[in-house]
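Worksheet: one structure, shown below.
Just so you know, ligand 1 is whichever comes first in the structure, and atom 1 is the first atom listed for that ligand. From a predicted model like this one, the values you see are computed outputs, not experimental measurements.
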Amino acid sequence: MDLLSSLREIEDQAWAQLQTCQSEEDLSRWWQTFLGRKGGLTQILRSLGSLPLDQRRTVGDKANRLKNALQEAYEERRRRIQEEALTSALAKAHVDVSLPGYPTLIGRLHPITQTLRDVLDCFRSLGFQVVEGPEVEWDYYNFEALLIPKDHPARDLWATLWIDYKRDGEMPMLLRTHTSPNQIRYMESHSPPIRIVSPGKCYRYEATDPTHEWMLTQVEVLAVDEGLSMAHLKGVLSEFAHRIFGPQRKVRFRCEYYPFVEPGMDVLIDCFQCQGQGCRTCGGSGWLEILGSGMVHPQILANVGYNPERYTGYAAGLGIERIAMLRYGIDDIRLFYQNDIRFLEQF
Ligand code: DAH
């Protein structure tokens, strides 16, 4: 059989068999049969040399064109087989790519953090600087230096968590019950004029109930300067109350005893539930207590080395949980730290 007719035969077979290839294995067998090193077409191309010159050109030309055409058809068929394999794999995996994805849970700030930031922003804008102090505190800063000596009945105001640690010559250690010790710490290391707010966690040995937690967040306010009076204190605290609870609130100052201030007072706002008429939220009084405050006791100023004849100061302490409860209408303080997402995602 001459080369030309073998070529034609190979051509017919190659095209016919290519159509029957259904998998990559079929295809690679087909490739070996026709285009591989020992394939039919390759054999023909190799034996061209033995032909007379005029035939060599026509057969060679035909053979090369067939080789290119088959090569191209092979690539095309391979692409199609791969595509079909992918489609059927996806179908088998039952992936519906048009289904919506899972929604991402987006975090948010805890209501106490939000309220704390608002309170600090308010004081910052009034010229106060934010400073912090330790949560584990010496008896001295938490009590003694604030004129609450050992065995003084005022200690009963703060149920204390003591640290079980004692060394000779060292004073007792505790978890601070309020942020007031930061007043002393700051005054010891700075000179007037002073305008600071000091936020932080405080701890109390407390049986929990809707208004008591063993951990709470306070912000301490302290200003010391020449000529500061009760009028400055009332001005700053009124501004604070109006910014946090709205400009329509009435603000009331009521005498109260705190050992480290003289005079001392509580600040109240008229109840926003009942507009001062008296309801469950305000216990029927029409007023809500929001913080404690007063003029820094001159003895404290003298103890930290200031001249109390020259300098006066005012101080205040507020509980962030209480402010947040009033602000958002929350009736149980324990909700803040139960970590229930249904509660937390409402803020
Ligand atoms: N430290 C007080 C408490 O925890 C709150 C307080 C009252 C702070 C009066 C003050 C103040 O700075 O002047 O109950």
Side-chain angles (χ1 to χ4, degrees), residues 116 119-120 123 126 128 130-135 137-149 152-161 174-187 194-206 211-225 228-238 240-241 251-268 288-301 303-304 308 311-323 325 333:
L116 178 61
V119 167
L120 294 179
F123 282 104
L126 294 170
F128 289 76
V130 180
V131 298
E132 290 179 293
E135 290 178 27
E137 188 54 282
W138 297 112
D139 178 279
Y140 175 77
Y141 289 105
N142 197 84
F143 291 129
E144 299 278 335
L146 290 164
L147 310 182
I148 315 166
H152 189 291
R155 282 214 183 185
D156 293 348
L157 295 176
W158 294 275
T160 309
L161 286 157
L174 46 77
L175 294 181
R176 69 177 173 199
T177 59
H178 50 179
T179 44
S180 302
N182 293 348
Q183 292 188 31
I184 310 298
R185 287 181 171 273
Y186 195 82
M187 286 192 284
I194 286 171
R195 269 170 192 72
I196 56 156
V197 274
S198 192
K201 296 259 180 290
C202 306
Y203 303 86
R204 295 188 184 172
Y205 182 62
E206 203 102 64
T211 54
H212 295 87
E213 253 295 2
W214 57 268
M215 180 184 78
L216 57 145
T217 315
Q218 285 195 343
V219 171
E220 194 75 14
V221 182
L222 174 69
V224 183
D225 206 343
L228 285 185
S229 74
M230 201 80 164
H232 297 104
L233 175 58
K234 290 170 80 174
V236 164
L237 296 180
S238 301
F240 163 77
V251 181
R252 177 181 163 199
F253 303 91
R254 182 181 64 191
C255 287
E256 181 58 277
Y257 168 69
Y258 294 101
F260 33 90
V261 282
E262 182 55 42
M265 62 184 190
D266 277 343
V267 176
L268 304 91
L288 298 164
E289 223 175 280
I290 58 168
L291 56 88
S293 66
M295 299 304 292
V296 180
H297 199 294
Q299 186 63 54
I300 290 183
L301 296 177
N303 288 352
V304 296
Y311 293 110
T312 48
Y314 62 76
L318 46 111
I320 296 298
E321 282 78 5
R322 175 151 179 85
I323 305 258
M325 285 169 81
I333 192 175

Test item: Leu318 and Ile290 side chains (from C-beta on) under 4.5 Å apart, heavy atoms: no

Within-4.5 Å side-chain heavy-atom neighbours: Tyr205 and Thr177: no

Contact check, Arg204 vs ligand 1, heavy-atom distance below 4.0 Å: yes

Whether Glu256 lies under 4.0 Å from ligand 1, heavy atom: no

Charged tip of Arg185 within 45° of Tyr141 ring normal and under 6.0 Å: yes

Looking at [X], which atoms of ligand 1 are within less than 4.0 Å of one of its heavy atoms?
X: Gly317; value: 6 (C), 8 (C), 10 (C), 12 (O)
X: Val261; value: 13 (O)
X: Gln218; value: 3 (C), 4 (O)
X: Gln183; value: 12 (O)
X: Gly294; value: 13 (O)

Among all protein heavy atoms, pick the one closest to [atom] and tell me residue, atom and distance.
atom: atom 12 (O) of ligand 1; result: Glu220 OE2, 2.6 Å
atom: atom 11 (C) of ligand 1; result: Phe260 CE1, 3.5 Å
atom: atom 14 (O) of ligand 1; result: Trp158 NE1, 3.7 Å

Expected output: side-chain Arg176 to main-chain Pro134 donor-acceptor under 3.5 Å: yes

Inter-residue atom distance Gln299.CD - Leu146.CG, 0.5 Å rounding: 12.5 Å

Mode of Ala315 contact toward ligand 1 - side chain, backbone, both, neither (heavy atoms, under 4.0 Å): both

Under-4.0 Å heavy-atom contact with ligand 1, by part of Ala316 that carries it: backbone

Among Glu132, Glu135, Gln218, Glu137, side chain to side chain donor-acceptor pair (under 3.5 Å) partner for Thr179: Gln218

Tyr257, OH atom: more than 12 neighbouring heavy atoms under 6.0 Å: yes

Shortest non-hydrogen separation from His178 to Asn142 and the atoms involved: NE2-O, 3.0 Å

Heteroatom proximity flag, Tyr258 to ligand 1, N/O under 3.5 Å: no

N or O pair under 3.5 Å between Ser180 and ligand 1: yes

Residues Glu289, Arg322; criterion salt bridge (Lys or Arg N to Asp or Glu O under 4.0 Å); working and verdict: CA-CA 9 Å; Glu289 223 175 280; Arg322 175 151 179 85; 5.6 Å; no

